[in-house]
Amino acid sequence: MPEQQLSILSLVIGASVPVQLVMLILLIASIVSWLMIGQRWWYLRQMNGGFRAFEANFWSGVDLNDLFRDGSLRISDNETVDGVENVFRSGFREFNRLTKNEDTDPDAVMEGTERAMRVALSREEEKLNTHLPFLASVASVSPYIGLFGTVWGIMQSFRGLATMQQATLAVVAPGISEALIATAMGLFAAIPAVLAYNRFSADADALYSRYDTFSDEFTSILHHRVHSG
Amino acid sequence: MRISQDLKKLGIYSLAGLFSLALHGFVIFLLLVGWTGKNTEPKPKRPNFVQATLVQMAPQAKAENKQAADNKAKAAAQKAAAQKKAEKQRNEKARKQRVAEQKKAERKKAEQKKAREEKIRRDKALKKKQAEEKARKAAAQREKEEQEKRAKEAKREKELERQARAQALASALDSEDEFLADEQNEQVSQGYQSYIQQRIIANWNRPLSARRGMEAILSIQLVPTGQVVGVSVVKSSGNDAFDLSVQQAVKKVGRFEKLQELSRQSPVIFEQNFRQFRLVFRPEDLRL
């Protein structure tokens, strides 16, 4: 009988209030986590592309002053300067500021430059890792929330069963079915979040280590300049 | 500068949010639509199956029955014909005997008459009495002979009757076998009927107005898969809610799985008892 088949919608609507609340929480968590996933995916892709372009530009033998000026121009054109270029710019700015004084000790110059780059690097790392904790908590918590909804729903349906005269499977089945939807939703929210968290944290780590390597290389270039100049 | 960057960020976030919402909407849509789609899929298959079994099953059963019946009828007819022949032969023999005896008697009569006439001529008055006595004796003899004949005929008739009785007994035995088989079928079908009743009661939501002793007679139509194709109330219990709840219970059962096995194992029983049948729904174990 197709009209008596329990549709998912009717099950959700007929669920008890706590189970509905759990479902709502899970739905919101899923929507937000997918929002984060989209944003992270887009951001990490951009950072990756930006790093490659910048690195290619950097090692193409361009003058570092030109590179710095180019970035400044873009900032004044309301464009964002992100990722590894920030590391370069803060390091280079500090280096230039310190080397304006002829008397400054080369080691002190290098120390100041490195500090400035470390600060920029940690800022970039923070940017790379935004929203990842949220994804991690959705991944770990939403199955439990779903399970709570399921346990609550099954509890209710068994309590209802206790007062029934004829205890049949047909009496409990709808309750259990609607309760299980909560677990399904929890898993639905958790699985993409787990995958995305793992993927994005690995990507962010890889990108950060490449930034780190770049900053080391840049430091060594500046070091040459200080000691030769 | 700051504002434009924020705007760009906002744009990315709203894009991602749109993507997320669209994805969820799509998933929910799939769940709602795909679910019912799956359920309606096997539906068109059922009628095919039903039709196939229907067409094959009914003529087979009938043909078998017919063949068996024909064989029996033929055998019975042959037997009857043989018996009739034997009877005819016997009757003819008896008739011939009778005719021969009558002829003999007539000859004797003629001789006696001649003797009597001679005696009459010799001694008219005295010997008339003797002749009359003889005639009486002859008549007595004839009567005796006739009685004997009658006795023989009676015996023959009795034998015939006995044979007929034996035959009747044999046919009665045959029919008793059939009756026994029918009874067995009935037992099987009763088992299934109680199964059906149980399933209906299991799916029955008792209306508040139901009282002990209420009884509704339903007419249920099944197909060989055990699927209910029709249910109607033949005799109402007098309580509309009760009737409706029982009908809904039958619809809720939807399919009597065990009847599919039955229709596979013995389609004849299914066809006879469960293609369309009446069910007396009388829940007695109510705590009312």
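Order of the sequence lines sets the chain letters (A, B, ...), proteins ahead of strands, with each chain counted from 1.
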Inset, instruction - Please step through ring-ring contact (aromatic ring centres under 6.0 Å, His included) for the pair Phe58(A) and Phe218(A), ending with a clear verdict. - result: CA-CA 10 Å; Phe58(A) 184 83; Phe218(A) 184 51; 5.7 Å; yes

With a 4.5 Å heavy-atom cut-off, do [X] and [Y] have their side chains touching?
{"X": "Ser263(B)", "Y": "Glu271(B)", "answer": "no"}
{"X": "Phe188(A)", "Y": "His24(B)", "answer": "yes"}
{"X": "Gln247(B)", "Y": "Val233(B)", "answer": "yes"}
{"X": "Asp66(A)", "Y": "Arg69(A)", "answer": "yes"}

[range]: residues contacting chain B (heavy atom under 4.5 Å, by number):
{"range": "residues 21-37 of chain A", "value": "Leu27(A), Ser30(A), Ile31(A), Trp34(A), Leu35(A)"}
{"range": "residues 120-159 of chain A", "value": "His131(A)"}
{"range": "residues 39-47 of chain A", "value": "Gln39(A), Trp42(A)"}

Legend entry - Pair Arg118(A), Ser215(A): side-chain N/O donor-acceptor within cut-off below 3.5 Å: no

Legend entry - Test log, rule side-chain hydrogen bond (donor to acceptor under 3.5 Å, both in side chains), inputs Asp243(B) and Ser237(B): CA-CA 7 Å; Asp243(B) 296 348; Ser237(B) 62; 2.9 Å; yes

Inset, instruction - Can you label the angle between the Phe68(A) ring and the Phe92(A) ring as parallel, tilted or perpendicular, going by 30° and 60°? - result: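 Tilted.
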
Inset, instruction - Decide whether a cation-pi geometry holds between Arg275(B) and Phe270(B); the criteria are a distance under 6.0 Å from NZ or CZ to the six-membered ring centre and an angle within 45° of the ring axis. - result: no

Inset, instruction - Enumerate the residue pairs fulfilling salt bridge (Lys or Arg N to Asp or Glu O under 4.0 Å) with a member in residues 192-201 of chain B, sequence neighbours excluded, ordered by first and then second residue. - result: Arg199(B)-Glu257(B)

Legend entry - Ile13(A) side, atom CD1; Glu178(A) side, atom CD - distance, nearest 0.5 Å: 11.5 Å

Legend entry - Option from Phe95(A), Phe54(A), Tyr211(A) for which ring pair (Phe, Tyr, Trp, His ring centres under 6.0 Å) with Phe88(A) holds: Phe54(A)

Inset, instruction - Taking atom CZ of Arg210(A) as the centre, report whether more than 12 heavy atoms of other residues, nucleotides or ligands fall under 6.0 Å from it. - result: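 Buried by this count: over 12 neighbours within 6.0 Å.
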
Inset, instruction - Side chain from CB out, backbone as N, CA, C, O: work out which of these in Phe19(B) comes under 4.5 Å of a heavy atom of chain A, or both, or neither. - result: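 Side chain only.
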
